[in-house]
S.K.: 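Can you read through this structure? Questions will come right after.
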Amino acid sequence: MTTPDYSSVDTALQAFYSALEKADLAAMRALWVSSSRAAVCIHPGGPALVGTRAILESWQAIFNSGPGLTVRFDTLNRHMRAQEVICLVRERLYPLGETASPDGGHEVLATNVLTLTATGEWRFLVHHASAAPAVAVTNSTALH
C-alpha cells in the first residue's frame with residue numbers, strides 16, 4: 001500500500017475528491033485534522049458539523065446512502081497564508097456511470113480550508129459546500 005501524498009495543496013485536494021468519488025472513508029479520515037474541535041464541515045443544506053468524529057460520521061452516511069459519484073472539480077480561487085490556504089472550488093457531481101459532460105451534473109461550490117501540519121502535510125480544517133446558483137462566481141473590484 002502506498003502512502004498518500006499530501007505534501008501540496010493540489011495533491012490533498014485531489015485525494016479529497018478521489019475519496020469522495022470512491023466512497024473511501026479511510027482515505028477521507030486521513031485527510032482531516034485530528035482535532036476534535038477544530039474541523040468544520042457543512043454539506044449542502046445541512047447543519048454545521050464540528051469535530052472530526054461528527055464529520056466522518058456524516059461522510060459514512062453519505063457513502064452508505066446509494067450508488068457512488070463521478071466527481072470533477074476545478075479551483076476557482078486560492079488564497080494562501082503562512083500555514084493555511086482557502087480554496088474556492090467548483091464541484092460537478094454525476095451519478096455513477098453517467099457521462100461527465102462539462103455542462104451536466106449537479107454543480108456545487110465549496111470552500112475548503114486546509115492547514116499545513118508540523119509534518120509538512122496539508123489537512124482539511126473546513127469543507128463548506130452549497131448548491132451553486134445560476135451564476136456561480138462573480139468577480140468584483142469594488143470589494144478590496
Side-chain angles (χ1 to χ4, degrees), residues 2-35 37-52 54-63 65-144:
T2 60
T3 303
D5 175 13
Y6 309 133
S7 61
S8 75
V9 172
D10 290 330
T11 57
L13 285 170
Q14 186 62 49
F16 177 84
Y17 289 105
S18 177
L20 174 58
E21 189 171 72
K22 295 175 182 173
D24 185 340
L25 188 63
M28 186 63 74
R29 179 181 294 117
L31 284 157
W32 284 86
V33 295
S34 59
S35 170
R37 304 214 43 91
V40 176
C41 183
I42 303 173
H43 299 295
L49 303 167
V50 178
T52 308
I55 292 167
L56 292 173
E57 287 172 356
S58 74
W59 284 116
Q60 182 66 67
I62 290 168
F63 295 163
S65 68
L69 296 169
T70 298
V71 181
R72 300 291 180 259
F73 76 96
D74 57 301
T75 302
L76 302 174
N77 188 286
R78 183 180 297 196
H79 177 72
M80 191 161 235
R81 297 186 316 199
Q83 302 291 325
E84 291 181 350
V85 63
I86 302 167
C87 299
L88 173 60
V89 175
R90 178 182 22 234
E91 305 172 355
R92 286 200 180 271
L93 310 173
Y94 305 87
L96 192 62
E98 184 178 302
T99 302
S101 65
D103 57 345
H106 179 71
E107 188 171 312
V108 173
L109 293 177
T111 302
N112 296 313
V113 180
L114 291 82
T115 186
L116 187 61
T117 67
T119 61
E121 296 181 311
W122 291 94
R123 294 289 191 274
F124 276 71
L125 277 173
V126 176
H127 174 75
H128 182 179
S130 61
V135 177
V137 179
T138 61
N139 290 316
S140 174
T141 57
L143 299 176
H144 284 295

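Atoms considered below: every heavy atom in the structure, side chains included; atoms not considered: hydrogens, waters and symmetry mates.
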S.K.: Find out whether Leu109 and Arg90 are in side-chain contact, i.e. whether some heavy atom of one side chain is under 4.5 Å from a heavy atom of the other.
M.R.: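 Yes - at least one pair of side-chain heavy atoms lies under 4.5 Å apart.
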S.K.: Got a second to check how far Arg78's CZ is from Asn112's CG, nearest 0.5 Å?
M.R.: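 Separation between the atoms: 10.5 Å.
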S.K.: Looking at Ser7, is its backbone amide N or carbonyl O close enough to the side chain of Glu121 to form a donor-acceptor pair, meaning the two atoms are under 3.5 Å apart?
M.R.: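 Judged by distance alone, no pair lies under 3.5 Å.
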S.K.: Between Glu107 and Arg72, is the closest basic N to carboxylate O distance under 4.0 Å?
M.R.: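 Salt bridge: no.
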S.K.: What distance do Glu21 atom CD and Leu69 atom CG have between them, rounded to the nearest 0.5 Å?
M.R.: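 With rounding to 0.5 Å, CD (Glu21) is 8.0 Å from CG (Leu69).
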S.K.: Between Ala19 and Phe63, which heavy-atom pair has the shortest distance, and what is it?
M.R.: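 Minimum heavy-atom separation between Ala19 and Phe63: O-CZ, 3.8 Å.
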S.K.: Parallel under 30°, tilted from 30 to 60°, perpendicular over 60°: which one fits the rings of Phe16 and His127?
M.R.: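 Ring orientation of Phe16 relative to His127: tilted.
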S.K.: If every non-hydrogen atom of Glu84 is compared with every non-hydrogen atom of Leu125, which pair is closest and at what distance?
M.R.: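 For Glu84 versus Leu125, the nearest heavy atoms are OE2-CD1, 3.6 Å.
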S.K.: Roughly how far, to the nearest 0.5 Å, is CG of Leu114 from CG of Leu13?
M.R.: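 Taking CG in Leu13 and CG in Leu114, the distance rounds to 5.5 Å.
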S.K.: Apply side chain to side chain contact (heavy atoms under 4.5 Å, CB included) to His43 and Ser58, showing your working.
M.R.: CA-CA 9 Å; His43 299 295; Ser58 74; 2.9 Å; yes
S.K.: Working to the nearest 0.5 Å, report the span between CG of Leu56 and CE of Met28.
M.R.: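 The CG atom of Leu56 sits 8.5 Å away from the CE atom of Met28.
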S.K.: Between Cys87 and Val9, which heavy-atom pair has the shortest distance, and what is it?
M.R.: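 The answer is SG-CG1, 3.9 Å.
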S.K.: Would you check if Trp32 and Cys41 make a side-chain contact, meaning some heavy-atom pair closer than 4.5 Å?
M.R.: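 The answer is yes; the side chains approach within 4.5 Å.
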S.K.: Compare every heavy atom of Leu31 with every heavy atom of Ala12, then report the nearest pair and how far apart it is.
M.R.: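 So the two residues come closest at O-CD2, 3.7 Å.
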S.K.: After noting the C-alpha distance and the side-chain angles of Tyr17 and Val89, does the key distance pass the side chain to side chain contact (heavy atoms under 4.5 Å, CB included) rule?
M.R.: CA-CA 11 Å; Tyr17 289 105; Val89 175; 3.6 Å; yes
S.K.: I'd like to know if the side chain of Thr11 and the backbone of Asp5 have a donor-acceptor N/O pair within less than 3.5 Å.
M.R.: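 Yes, Thr11 side chain to Asp5 backbone: donor-acceptor pair under 3.5 Å.
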S.K.: Applying side chain to side chain contact (heavy atoms under 4.5 Å, CB included) to Arg123 and Tyr6, what does each step give before you reach the verdict?
M.R.: CA-CA 8 Å; Arg123 294 289 191 274; Tyr6 309 133; 2.8 Å; yes
S.K.: Working to the nearest 0.5 angstrom, can you tell me the gap between Leu25 CG and Trp59 CH2?
M.R.: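 Taking CG in Leu25 and CH2 in Trp59, the distance rounds to 10.5 Å.
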S.K.: Locate the shortest heavy-atom distance separating Ile42 from Ala48; write the atom from each residue and the value.
M.R.: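 Distance-wise, the nearest heavy atoms are CG1-CA, 3.7 Å.
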S.K.: Any donor-acceptor pair under 3.5 Å linking the side chain of Thr115 with the backbone of Trp122?
M.R.: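 Flag not set: sc Thr115 to bb Trp122 has no pair under 3.5 Å.
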S.K.: Over all heavy atoms of both residues, which pair between Leu20 and Leu93 is shortest? Give the atoms and the distance, please.
M.R.: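 Scanning both residues, the minimum pair turns out to be CD2-CD2, 4.5 Å.
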S.K.: Keeping the roles fixed (side chain from Ser18, backbone from Ala15), state whether a donor-acceptor pair exists under 3.5 Å.
M.R.: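 Flag not set: sc Ser18 to bb Ala15 has no pair under 3.5 Å.
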S.K.: Run the salt bridge (charged side-chain N to carboxylate O under 4.0 Å, His left out) test against Asp24 and tell me which residues pass, sequence neighbours left out.
M.R.: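 Expected list: none.
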S.K.: Could you walk me through whether Tyr94 and His106 pass the side chain to side chain contact (heavy atoms under 4.5 Å, CB included) check?
M.R.: CA-CA 6 Å; Tyr94 305 87; His106 179 71; over 6 Å; no
S.K.: Nearest 0.5 Å, please: how far is CG in Leu49 from CD1 in Ile55?
M.R.: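 Here the interatomic distance stands at 6.5 Å.
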